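For reference, the structure discussed in these notes is given below.
Computed over heavy atoms, backbone and side chain alike; hydrogens, waters and symmetry mates excluded. What you are looking at is a predicted structure, and each value in this text was computed from that prediction instead of being measured.
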2 protein chains.
Amino acid sequence: MKKEIEIFERYLKTKNLSLTKERKLILDEVFSIDGHLEADEIFLRLKKDKKDVSRATVYRTLGLLVNSGLVRKVYLGEDHIHYEHTHGHTHHDHLVCIKCGKVIEFSDKKIEKLQASVCRERGFQELSHTVQIFGYCKDCKE
Amino acid sequence: MKKEIEIFERYLKTKNLSLTKERKLILDEVFSIDGHLEADEIFLRLKKDKKDVSRATVYRTLGLLVNSGLVRKVYLGEDHIHYEHTHGHTHHDHLVCIKCGKVIEFSDKKIEKLQASVCRERGFQELSHTVQIFGYCKDCKE
DNA sequence: GTTTAGATTGAGACTAAATCTCAAGTAGGA
DNA sequence: TCCTACTTGAGATTTAGTCTCAATCTAAAC
Ligand SMILES: [Mn+2]
Ligand SMILES: [Mn+2]
Ligand SMILES: [Zn+2]
Ligand SMILES: [Zn+2]
């Protein structure tokens with residue numbers, strides 16, 4: 001599998017943009033995290049590492065990463081967006097425990113197929129989707 | 001079918017709260033709108049009608065309406081929450097056109113069943129879910 | 001190597017959604 | 001009537017995210 005950095009650089013090339021040192025720092029930080037991450041988390045981790053990058057650049061670069069297809073936004077019921085790697089991960093959706101906050105990933109081919117046929121019936125061209133199921137996880141239900 | 005106001009009042013009773021004139025104004029305004037609505041829309045409509053209610057009370061009351069089960073929050077990919085009636089409407093999910101903003105509702109029993117079985121397999125107790133499919137509607141796809 | 005146009009950045013101002021604070025007012029049961 | 005808990009509005013606050021703009025960098029063209 002291609003490395004993230006190559007994909008990102010190729011994407012940037014197509015937009016006449018370049019892989020600056022700030023963008024590389026952010027890319028590395030994002031791919032050093034497993035699981036769901038937040039913009040501010042990237043900003044603070046880099047700051048702690050004395051690899052300062054401005055908050056604006058973090059947001060700007062996360063946008064580029066999303067557009068390049070390496071990363072996607074996920075909505076987990078909180079008041080800010082989370083991000084997760086798509087590169088190297090198969091598509092999945094989320095069960096979110098509203099008590100302990102745990103996020104459980106699942107994927108179901110049959111659901112995906114049915115969603116695709118809903119779109120087909122409506123003449124809708126799907127680009128992406130997110131499914132969130134909120135409730136209590138095994139450990140939290142009474 | 002029971003009227004919204006009765007359900008709301010009963011809910012409030014169980015919480016030792018009362019149906020004040022502000023809460024009634026907001027309830028009426030919310031149920032006068034068909035489709036997806038925003039908190040600020042309620043605030044501004046009431047203001048225009050000279051039925052002033054503070055923004056804080058609008059948010060507080062929308063929270064109560066959600067807890068009472070009359071209304072639910074929906075995430076449509078924008079930077080603020082939308083609300084929609086649940087009372088008197090069957091459950092559905094959304095296709096969101098990222099070009100013209102159109103929101104198309106759909107419901108699919110088979111998808112819902114499969115989601116339920118995903119939860120069952122994981123010992124997850126579902127309370128609610130939302131599905132959003134983003135893409136181009138019939139009129140917007142190239 | 002210079003020039004130059006366009007890309008890039010950081011600091012901090014700004015916006016907007018949503019929540020919080022708190023003093024003043026209200027409702028209802030004892 | 002008294003008391004307590006509920007309720008509200010105004011505006012402050014919080015927080016996520018965007019925008020502005022001057023300074024700097026990049027890389028292609030000369
Ligand atoms: Mn995930
Ligand atoms: Mn709807
Ligand atoms: Zn849990
Ligand atoms: Zn459209």
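Counting to the nearest Å, the P atom of D:dG17 and the CD atom of A:E38 are 9 Å from each other. Here the P atom of nucleotide C:dA16 and the CD atom of B:E78 are 14 Å apart, to the nearest Å. Separating the NZ atom of B:K47 from the P atom of D:dA10 is a distance of 8 Å, rounded to the nearest angstrom. One atom, CD1 of A:I26, and another, C1' of C:dT8, lie 12 Å apart when rounded to the nearest Å. Between A:D52 atom CG and C:dT9 atom C1' there is a gap of 13 Å when expressed in whole angstrom units. To the nearest angstrom, C1' of C:dA27 lies 13 Å from NZ of B:K13. Atom CG in A:L19 sits about 10 Å away from atom P in C:dT9, given to the nearest Å. Between the CG atom of B:L64 and the P atom of D:dT8 there is a distance of 9 Å, given to the nearest Å.
For the OP1/OP2 pair of D:dA10 and a distance below 4.0 Å, the side-chain nitrogens and oxygens of B:S54 include no atom meeting the criterion. Distances shown here put a side-chain N or O of B:T20 below 4.0 Å from the OP1 or OP2 atom of D:dT8.
For B:Y136, there are no ring pair (Phe, Tyr, Trp, His ring centres under 6.0 Å) partners two or more places apart in sequence or in a different chain. Shown here are the ring pair (Phe, Tyr, Trp, His ring centres under 6.0 Å) partners of B:H82, two or more places apart in sequence or in another chain: B:H80.
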N/O to N/O distances under 3.5 Å, protein versus nucleotides 18-20 of chain C:
{"from": "C:dA18", "atom 1": "OP1", "to": "B:I81", "atom 2": "N", "distance (Å)": "2.9"}
{"from": "C:dA18", "atom 1": "OP2", "to": "B:Y59", "atom 2": "OH", "distance (Å)": "3.0"}

Is there any protein nitrogen or oxygen under 3.5 Å from a nitrogen or oxygen in nucleotides 1-7 of chain C, and what are the pairs?
none

For residues 9-23 of chain A, dump all side-chain donor-acceptor pairs below 3.5 Å to protein atoms at least two apart in sequence or in another chain.
{"from": "A:T14", "atom 1": "OG1", "to": "A:Y11", "atom 2": "O", "distance (Å)": "2.6"}
{"from": "A:T20", "atom 1": "OG1", "to": "A:R23", "atom 2": "N", "distance (Å)": "3.2"}
{"from": "A:R23", "atom 1": "NH1", "to": "A:S18", "atom 2": "O", "distance (Å)": "2.8"}

Donor-acceptor list for residues 116-128 of chain A side chains, cut-off 3.5 Å, not counting sequence neighbours:
{"from": "A:S117", "atom 1": "OG", "to": "A:L114", "atom 2": "O", "distance (Å)": "3.1"}
{"from": "A:R122", "atom 1": "NH1", "to": "B:E105", "atom 2": "O", "distance (Å)": "3.2"}
{"from": "A:E126", "atom 1": "OE2", "to": "A:H129", "atom 2": "ND1", "distance (Å)": "2.7"}

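Ring orientation note: the planes of B:Y75 and A:Y75 are close to parallel, at an angle under 30° on the 30°/60° scale.
The number of heavy atoms from other shown groups lying within 6.0 Å of NZ (B:K138) does not exceed 12. Heavy-atom contacts from other residues, nucleotides or ligands closer than 6.0 Å to NZ of A:K141 number more than 12.
Residues B:I26 and B:I5 share a hydrophobic cluster, clusters being chains of Ile/Leu/Val/Met/Phe/Trp/Tyr side chains in contact below 4.5 Å.
Using a 4.0 Å cut-off between a side-chain N of Lys or Arg and a carboxylate O of Asp or Glu, A:D40 and A:R55 qualify as a salt bridge.
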